[in-house]
2 protein chains.
Amino acid sequence: MARPTLADVARSAGVSVSTASLAFSGAGPIAEPTRERVLAAAAELDYAGPNPLGRQLRSGRSGIVGVLLGGVLGRSFREPVAVQTLDGLVSTLAELGLGVLLLPAGRGTGAPPPPTETRTDAPAAAAVPNLAATAAMDVAVLLWGANPADEDLIALSRRDVPVINVEGPAIAGNATVSINDRDGFAQLGAHLASLGHTRVAAVTLPFDRSRTSGIADAERLGQIKLDIVRRRLEGLREGGVDPVTVYEVAYSQVEQGVEAGKTLLSGPDRPTAIVAQSDALAAGVVIAARELGLDVPGDLSVTGFDGIDLPWLGETVLTTVVQPLAEKGAAVGRMVEALLAGSEPESVTFDVELRIGTTTAPPR
Amino acid sequence: MARPTLADVARSAGVSVSTASLAFSGAGPIAEPTRERVLAAAAELDYAGPNPLGRQLRSGRSGIVGVLLGGVLGRSFREPVAVQTLDGLVSTLAELGLGVLLLPAGRGTGAPPPPTETRTDAPAAAAVPNLAATAAMDVAVLLWGANPADEDLIALSRRDVPVINVEGPAIAGNATVSINDRDGFAQLGAHLASLGHTRVAAVTLPFDRSRTSGIADAERLGQIKLDIVRRRLEGLREGGVDPVTVYEVAYSQVEQGVEAGKTLLSGPDRPTAIVAQSDALAAGVVIAARELGLDVPGDLSVTGFDGIDLPWLGETVLTTVVQPLAEKGAAVGRMVEALLAGSEPESVTFDVELRIGTTTAPPR
DNA sequence: CGGTTGGATCAAATCGATTCGATACTCGTC
DNA sequence: GACGAGTATCGAATCGATTTGATCCAACCG
């Protein structure tokens, strides 16, 4: 016995399909007794309400917002900032009755292919369809930037799916949500400079998607692809701090920060301060310092960026720059709302705030 | 100028709509030259491929797997286990060409309503539609259990959406993915008992959705609603350890562990070991102990559960029980595959493994 | 050379709703 | 009692594809 359809309900209630539709959607005039009769018939037949697929086709709306997670998907979930932004986004959109569809960014992003064994008897380039190109969605949100030449982006624009870009490079025609991170780093730089630090090292986010890690030489420094990394370094210089060493990590994770910290602190000319481009990395640096027997902030000042919860550092409070993660999610929600209403959303840039903790002090 | 449809492409290529469809879907015989002509026409018209909504309606498949996050959505994202399970799930499903739709659990779960100001002029119970009941999906995955009487579950079964239950109470007709956590705790108990611990406290996950926290008295201990909590406590007893005190937290987060640790360690009759029901909580306990000047494992042994990455503890390696998170995600993926193929998936229970780290030792 | 087979193509039905425009009816007014 | 306004209902068109069953034709077989 197949599921009943709206037509069945209408027949059983003795009304036309259109009237039955009105009873559920509420769009249009309908007499209260009629409405009740329809709903009663529906209950009788165990009808679960209008089939979403039918509704979606007719109305042209899927009620779905696709979220493209930049880079290797698996890693995005381990980056606290990405997770918290997603968090804010999901709650905001849920209130609008919109669902969030998670989409791994396709191959076009330059993400390395997953290291699954390739069976030679399988059809070459097996038809794993690119979800970004085939899934139904009303709006797409790009989290953590993508390449404008991205395969996914091209597919989306061809399909007329509007795109909202969070923390990515400006792309023509896309609304953008970003933060004033240049200014944040300028403030951090000024803070460190005023404390008297001159030998400062930086730990940065990945320059590109190659997932390289280690100290960046002059050549590598010229190859920074991600705007965000360059902008933050520039901000630091604006604040009066020119890093003597720059360490690039492959992922913004605590482990990577530990690794970076150990390298930078064991080398010659130990820096008196380390500026990390994320709190996760900074936490790693703090841990590395402790393990090497260095006192923070006595022997080493450390700064982060983001303002995420870092309960694991105990009493230690990281000096960092707080960015409004929840507000970013909410802003995206408002943009989606605007786009669905047919208007053009305006891009926003949030200000950030310096928070001085217990990890910075004058050098010894 | 509206987007072209398959009919436009067919007309332009001089073939019928059905043939054009075949050119894209590959289901059915089609001559290579014809296929190329259709694709060329599509490229010419800037056609982005078959509209997913049309395809979905006709085929009755949405290609979407809904994931119901138990409890308050916002918190799920902060619980590492939930995030990592989700992570594995998304990657597995992506390979099957399926998208993951995140659904906040509805009001039926007993989650407290979001504390938004209620405008009195707004219509009462404003029609925020329950996504679980209205969104298109082929299969639903329940992460972290829900009440069988759940509003969402009822709606799903009415719609004939099959449900896969991860770490939840067994519900008739649902396939289940779970782990042998009772055995894991029995092993932990045996380990501690063999070391000679007799005064052991436990820090548990929430008993229900009331988000209570604090030391549970006898009455409260009789009200444990979540199977998982009870089962783990029972396992511990099987292993030969009967906790002298049980502390219930509201969320499985490091902060909560710190709080629990401070309370348990400052009271009279300080325990010589603390068994936490998650690694996040255990990490909090370790931090609390350190802040109180206690040596781990010298003054206090601590155990966790889950086996997640805990880079913030530095050199310290938590004694814990490792559960196969990635495999759980993959198992769900296989179940979804089976359900879509029309077969009945079998429930699985994964074994867990005791990992002895540097946080347990004989009591002083 | 007639009959059979099978590949390629097509026309039409179908999925389950929403929505437009028309119709029927009620009520109030002049 | 006729007319206009407004409300409730309905029939039919529509959204954009997939899929079924029929048709056509060339190749192959005996």
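Note that the structure is predicted; figures quoted are calculated from it, not measured. Below, chains carry the letters A, B, ... as their sequence lines are ordered, and counting in each starts from 1.
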Which part of the nucleic acid, if any, lies within reach of B:Ser21 when heavy atoms closer than 4.0 Å are counted: base, sugar-phosphate only, or nothing? base
Does any part of the side chain of A:Val65, heavy atoms only, come nearer than 4.5 Å to the side chain of A:Val141, both counted from C-beta? yes
Quick tally for nucleotides 4-15 of chain C: nucleotides whose base has a protein heavy atom under 4.0 Å get B, sugar-phosphate-only ones S, the rest -, giving ----SBBB-BBB
Roughly, in whole Å, what's the span from CZ in B:Arg11 to C1' in D:dG16? 13 Å
Rounded to whole Å, please give me the gap between CD in A:Gln56 and C1' in D:dA17. 14 Å
Output one line per pair: protein atom, nucleotide atom from nucleotides 25-28 of chain D, and distance, for all N/O pairs under 3.5 Å.
none

When rounded to whole Å, the CZ to P distance for the pair A:Phe24 and C:dT18 reads 9 Å
Given 3.5 Å as the limit, does a donor-acceptor pair link the side chain of A:Thr92 with the main chain of A:Gly88, or not? yes
Would you mind reading off the distance between A:Arg159 atom CZ and D:dG16 atom C1', rounded to a whole angstrom? 13 Å
Going from CZ on B:Arg37 to CG on B:Leu39, what distance comes out if it is rounded to the nearest 0.5 angstrom? 11.0 Å
In this structure, CD1 of A:Ile64 is separated from OG of B:Ser62 (nearest 0.5 Å) by 7.5 Å
So, does A:Ser25 get its side chain near the phosphate of C:dT18, meaning an N or O under 4.0 Å from OP1 or OP2? no
B:Glu346 CD to B:Arg334 CZ distance, which is reported to the nearest 0.5 Å: 11.5 Å
Measure from the side-chain N and O atoms of A:Ser343 to the backbone N and O of A:Ala338, and report whether any donor-acceptor pair falls under 3.5 Å. yes
Report yes or no: does B:Ser21 contribute a side-chain atom to a donor-acceptor pair with the main-chain N or O of B:Val17 at less than 3.5 Å? no
Roughly, in whole Å, what's the span from CG in A:Leu6 to P in C:dT19? 13 Å
Using OP1 and OP2 only, check whether a side-chain N or O of A:Tyr47 sits under 4.0 Å from C:dG16. no
Separation between CZ (A:Arg55) and CG (B:Leu57), nearest 0.5 Å, reads 13.0 Å
Whole angstroms only, please: what is the CD-C1' distance between A:Glu36 and D:dA8? 16 Å
Inter-end axis angle, the helix from C:dC1-D:dG30 to C:dC30-D:dG1, with every axis fitted to five base pairs (rounded, 10 degrees): 50°
To the nearest angstrom, how far is A:Leu45 atom CG from C:dG16 atom P? 15 Å
Flag, side chain of A:Arg158 to backbone of B:Asp46, donor-acceptor distance under 3.5 Å: no
Between B:Glu32 and B:Arg35 (salt bridge meaning N to carboxylate O under 4.0 Å), is one present in this structure? yes
Qualifying residue, where the test is side-chain contact (heavy atoms from CB on, under 4.5 Å) with B:Met335 and the options are B:Thr176, B:Asn165, B:Ile164, B:Leu340: B:Ile164
